[in-house]
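This report refers to the structure that appears directly beneath it.
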Protein chains: 2
Amino acid sequence: MNLHIRVFTIGTLAKAAGVSTPTIRYYEEIGLLPPAHRTAGGQRTYDDDDLGRLTFIKQCRDFGFGIDQVRVLLDLSISDSRDCTETRDIAQLHLNEVREKLSELRLLEQRLEGFVSRCNVACAGGPGQDCVIFKDMSAPAKGGCCG
Amino acid sequence: MNLHIRVFTIGTLAKAAGVSTPTIRYYEEIGLLPPAHRTAGGQRTYDDDDLGRLTFIKQCRDFGFGIDQVRVLLDLSISDSRDCTETRDIAQLHLNEVREKLSELRLLEQRLEGFVSRCNVACAGGPGQDCVIFKDMSAPAKGGCCG
DNA sequence: CGTACTCCTTCAAGTAACTTGAGGTTCAAG
DNA sequence: CTTGAACCTCAAGTTACTTGAAGGAGTACG
């Protein structure tokens, strides 16, 4: 089998994981990644383990988990003593947040849609200050939306 | 008729418009609100015009418009020489962004939903490192999602 | 061995839209 | 005149990075 060890510079690691090089340095700085090994000249080097960890972080971020949640997920993903319900609970919590955001955005979409089409029908091309959008915007949403 | 002039302190204005007092000072600092009149002692005072302008800003922000968009909308809302299609275009642009965000979030919701229910079925209570969520998370989304 | 070129280094500041905190002043009531 | 709430300014914190300046390291070519 092919057990050759890959060594990455920060740039190649960045490409492999799909993040930017400053982001990698930033993750090191805040402790998401361990301090990198260095060449004699002081440049960072990485191996496949680092790539694995970084890829995991990237996935979590893409799923919308915050940095602090990623920290916990990283711990959980290498722990054999902690319970997997913790992981599920974090995912559930995040799912709830996503759903709240979704319903806010759905309401927003409807209202903006209404603004645009009413403007097209009622006042497009007219004087700026008379636009129906300004009147529409003064009417508060039923059910509340937005932060 | 009742033409009594209302005068607000920053705190009462904040309550009336539904924003915080530091936010009002911040809006003044960045030029969204004109420099407030002051008492002899240096405290800010406001009138109904200020309340109107601040309320308008607040509405725009609630609709998710960015500060720079609010600047333009403020201009448009008091302009008689500019065309109302500008307003509609800003709303349309924002609507497009909302829709993009919506489709990202819908995909995210589905995937997170899947994570949680699969964990409940397959591994809830098991060792942290074996959670199916970690395996699921490694599978990239079809169609792409997230930033 | 020089030199050209890319990639790397650190450190500081910028981004959005505010919030929080420290330390001190003004106002209204009693 | 004193108390206490509300106000003032200025600086720093928040999130998750990005951008920029000034200079060093690594590699390929002649």
Side-chain angles (χ1 to χ4, degrees), chain A residues 7-33 35-47 50 53-54 56-74 93-94 97-98 101 104 146-147, chain B residues 7-33 35-46 50 53-54 56-74 90 93-94 97-98 101 104 146-147:
Chain A
V7 173
F8 302 94
T9 64
I10 197 171
T12 53
L13 183 75
K15 258 174 212 152
V19 304
S20 73
T21 55
T23 297
I24 293 176
R25 294 195 196 97
Y26 172 72
Y27 285 165
E28 180 179 324
E29 191 186 322
I30 65 170
L32 271 194
L33 292 174
H37 297 122
R38 304 284 186 134
T39 65
Q43 301 198 353
R44 290 173 179 82
T45 62
Y46 299 93
D47 60 22
D50 296 313
R53 189 175 174 96
L54 180 55
F56 181 80
I57 295 170
K58 165 84 161 94
Q59 298 276 1
C60 292
R61 297 289 300 119
D62 282 353
F63 277 108
F65 293 101
I67 293 287
D68 282 345
Q69 290 177 317
V70 175
R71 264 181 231 280
V72 179
L73 290 171
L74 272 170
L93 202 66
H94 185 46
E97 288 165 11
V98 166
K101 196 75 197 167
E104 278 178 19
C146 329
Chain B
V7 173
F8 302 95
T9 64
I10 197 171
T12 53
L13 183 75
K15 257 173 214 153
V19 304
S20 74
T21 55
T23 296
I24 294 177
R25 293 193 198 99
Y26 172 71
Y27 284 165
E28 179 180 323
E29 190 185 322
I30 64 171
L32 271 194
L33 292 175
H37 297 121
R38 303 284 186 133
T39 66
Q43 301 199 351
R44 291 173 179 82
T45 61
Y46 300 92
D50 296 313
R53 189 176 174 96
L54 180 56
F56 181 80
I57 295 169
K58 165 84 160 94
Q59 298 276 0
C60 293
R61 296 289 301 118
D62 281 352
F63 276 109
F65 292 102
I67 293 287
D68 283 346
Q69 290 177 317
V70 176
R71 264 181 233 279
V72 179
L73 291 171
L74 272 170
I90 292 175
L93 201 66
H94 184 46
E97 287 166 10
V98 166
K101 196 74 197 168
E104 277 178 21
C146 333

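Order of the sequence lines sets the chain letters (A, B, ...), proteins ahead of strands, with each chain counted from 1.
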Which atom pairs, donor and acceptor, lie under 3.5 Å between side-chain atoms of residues 9-17 of chain A and protein residues at least two apart or in another chain?
from	atom 1	to	atom 2	distance (Å)
A:Thr9	OG1	A:Gly11	N	3.4
A:Thr9	OG1	A:Thr12	N	3.3
A:Thr9	OG1	A:Thr12	OG1	3.2
A:Thr12	OG1	A:Thr9	N	2.9
A:Thr12	OG1	A:Thr9	O	3.0

Heavy-atom side-chain proximity of A:Gln43 to A:Arg38 below 4.5 angstrom: no
B:Phe8 side chain reached by B:Asp50 side chain, heavy atoms, under 4.5 Å: no
Result block: side-chain N/O donor-acceptor pairs under 3.5 angstrom for residues 19-26 of chain A, not counting sequence neighbours:
from	atom 1	to	atom 2	distance (Å)
A:Ser20	OG	A:Thr23	N	3.2
A:Ser20	OG	A:Thr23	OG1	2.7

Partners passing ring pair (Phe, Tyr, Trp, His ring centres under 6.0 Å) against A:Tyr27 (at least two apart in sequence or in another chain): none
Ring pair (Phe, Tyr, Trp, His ring centres under 6.0 Å) involving B:Phe56 - partner list, sequence neighbours excluded: A:Phe134
Outermost DNA chain D nucleotides near chain A [under 4.0 Å, heavy atoms]: D:dA16 to D:dG26
B/S/- contact track for nucleotides 2-19 of chain C, protein heavy atom under 4.0 Å: ------SBB------BBB
Pairwise side-chain contact, A:Val7 with A:His37, heavy-atom cut-off 4.5 Å (strictly under): no
